[in-house]
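Below: the structure, in structure tokens.
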2 protein chains.
Amino acid sequence: MTQPNILVVDDDPEICRLLGKYLDGQGFRCQLAANKRQCQQRLADSRVDLVVLDVMLPDGSGLDICREIKDERPDLAVILLTALKEDVDRIIGLELGADDYLGKPFNPRELAARIRAVLRRGSSAAPKEERTAPAYRFEGFTAIPERRSLSDPDGTDVPLTGAEFDLLMIFLDRPGRVLSREILMDLLHGRSVDPFDRSIDVTMSRLRRKLNDNGVFRLFKTVRNGGYQFAARVEREEDETQP
Amino acid sequence: MTQPNILVVDDDPEICRLLGKYLDGQGFRCQLAANKRQCQQRLADSRVDLVVLDVMLPDGSGLDICREIKDERPDLAVILLTALKEDVDRIIGLELGADDYLGKPFNPRELAARIRAVLRRGSSAAPKEERTAPAYRFEGFTAIPERRSLSDPDGTDVPLTGAEFDLLMIFLDRPGRVLSREILMDLLHGRSVDPFDRSIDVTMSRLRRKLNDNGVFRLFKTVRNGGYQFAARVEREEDETQP
DNA sequence: ATTGATTTGTTACGCTGTGTATCGAAGACC
DNA sequence: GGTCTTCGATACACAGCGTAACAAATCAAT
């Protein structure tokens, strides 16, 4: 996926515009729609990978749209924006098949992060079309998120378990940054750590072993009292490995 | 993170003081600044994890500060305080890269809660900058923050521990300046020194040894009763070291 | 469900990094 | 030189981390 295509549906033109601008700057390709009609037209006429949908639209609740989208194209991702922060709404939203939700007012950064998260999840669940898949390359290794596969410098496959691959991807998306255990735990499992939780360390250890990261030049650096850092250079490629 | 370091920037000394006191009581370590100059000085000389920033400052809008902060240190968290509660303002504030906002008048408890929330998220939501990795060069050595690596004039890797590398970076960012133990301690660990704390000295000693800084011409000069000074010339490079 | 295989979390123990204590060396001031 | 202070370096203690071994949970396929 070169640039994910996002459709923003919100009746407030100002929010719409700003959001579109922000997401553009974040590497997404954005389209806007102010109502149901426009929304449907965009969905019919252009490629859309994910919909950011305000549930409070003037013409008929956005919930309808959500339901319809999921009815017709179950693998199209939807993130709901809701002014009401009530859990009930959220549950309902998810019951309608939305992939995530966000209470208004929300932090655009968080929205961007969630979009990325949903898209990553999504591509594994529903294998996309003939689109080229992105690949991450580092120190001779090649990781392909779509296939959840990793091959070493010799080209031989390195079998990673789910958690190991997820952890690797977290680092590949954030090379050079020191990631604390809290953040890693949050990104990996969405929960927080209790003081003596060592699961991150163990998973790191296993991942390191499979990557033969035991030399002097560590791929993953340990920052004492800080967390871990991926120290290798990462290249994102629009890979052409397609049958 | 032991005690998060908060910088409160507000021109009203009373609000500043009260806020600082409250946040102190909430387990944060607080510093105060009344204007842009003070703000910049604090950011340069002490460790700051999060900035609480009034957008209505007398000397130039606080929005400038926010923009500058996010420009130089994208992963430093900022929470904006604004007198205008309009959504537009909020979004605009966030477009400047702030992590959250709060309309005045606000409930201190809510501020504390949001601070905790933002810190917990950390910079995980922060978009990755496509910025080239800077490298510091001095006396033949090359330090690359993104990899937390240091190589000596021969190009061989010098393994530094976390604290050693952090300390080195502090000096590389402030070449020629005499840094007191207080400032070093603050920048290194975000806490203040008790009178007989020698940990800085020990870390300096270990760092010096690893840099072979034992000749007559010292890389690190000791300033008696003053602190330490990095005496070599430092060049910052926008490095593109390809593997 | 039951079984067996695989993945993930937990515990325990040894290793490493960092702060503290201590002692000797180097200045500073008389 | 004598004395006091400050700094450098070594020694040691302790907390953070790596990982092996085990236990629990999850999954696949009957």
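First the proteins, then the strands, lettered A, B, ... as listed; each starts at 1.
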What nucleic acid atoms does B:Ser199 come within less than 4.0 Å of, heavy atoms only: base, sugar-phosphate, or nothing?
-> base
Just compare D:dG8, C:dT18, C:dT8 and give me whichever is closest to any side-chain atom of B:Arg206.
-> C:dT18
Protein-nucleotide distance (B:Glu182, atom CD; D:dT6, atom P), rounded to Å | 12 Å
Side-chain N or O of A:His189 less than 4.0 angstrom from OP1 or OP2 on C:dG9?
-> yes
Comparing A:Arg198 and B:Arg181 on DNA chain D - which has the more 5′ nearest nucleotide = B:Arg181
Short side-chain N/O contact from B:Thr161 to OP1 or OP2 of C:dT16, under 4.0 Å | no
Nearest-Å distance, CG (A:Asn214) to C1' (D:dC17)?
-> 16 Å
Atom-pair distance (CG on A:Asp213; P on D:dC17), nearest Å | 17 Å
Distance in angstrom units between A:Asp201 CG and C:dT11 P, rounded = 14 Å
For the pair made of CE in B:Met204 and C1' in D:dT10, what is the distance, rounded to whole Å?
-> 17 Å
Taken to the nearest whole Å, CD1/A:Ile200 to P/D:dG16 is 17 Å
Under 4.0 Å between any heavy atoms, over every strand shown, what does A:Tyr228 touch: base, sugar-phosphate, or nothing? Just pick one.
-> sugar-phosphate
Under 4.0 Å between a Lys/Arg side-chain N and an Asp/Glu carboxylate O for A:Arg181 and A:Asp197?
-> no
Please confirm whether B:Phe230 and B:Phe138 have ring centers closer than 6.0 angstrom.
-> yes
Residue A:Arg224, side-chain atoms from C-beta onward, closest of C:dT8, C:dT20, C:dT18 | C:dT18
B:Asn225 has an atom CG; how far is it from atom P of D:dT6, in whole Å?
-> 6 Å
d(CZ, B:Arg218; C1', D:dC7) in whole Å = 10 Å
Do we see a donor-acceptor contact under 3.5 Å between the side chains of B:Arg147 and A:Gln229?
-> no
Looking at B:Thr222, does any N or O in its side chain come under 4.0 Å of the phosphate oxygens OP1/OP2 on D:dT6?
-> no
Candidate nucleotides C:dA21, D:dC7, D:dG18, ranked by approach to the side chain of B:Val202 - the nearest = C:dA21
By nearest-nucleotide position on DNA chain D, the 5'-leaning member of A:Phe196 and A:Ser205 is A:Phe196
Note: B:Arg233-B:Glu235 ion pair, threshold 4.0 Å (strictly below) | yes
When rounded to the nearest 0.5 angstrom, what distance separates CZ in A:Arg218 from CG in A:Leu211?
-> 11.0 Å
B:Arg208 side chain near D:dG8 phosphate (N/O to OP1/OP2, under 4.0 Å) = yes
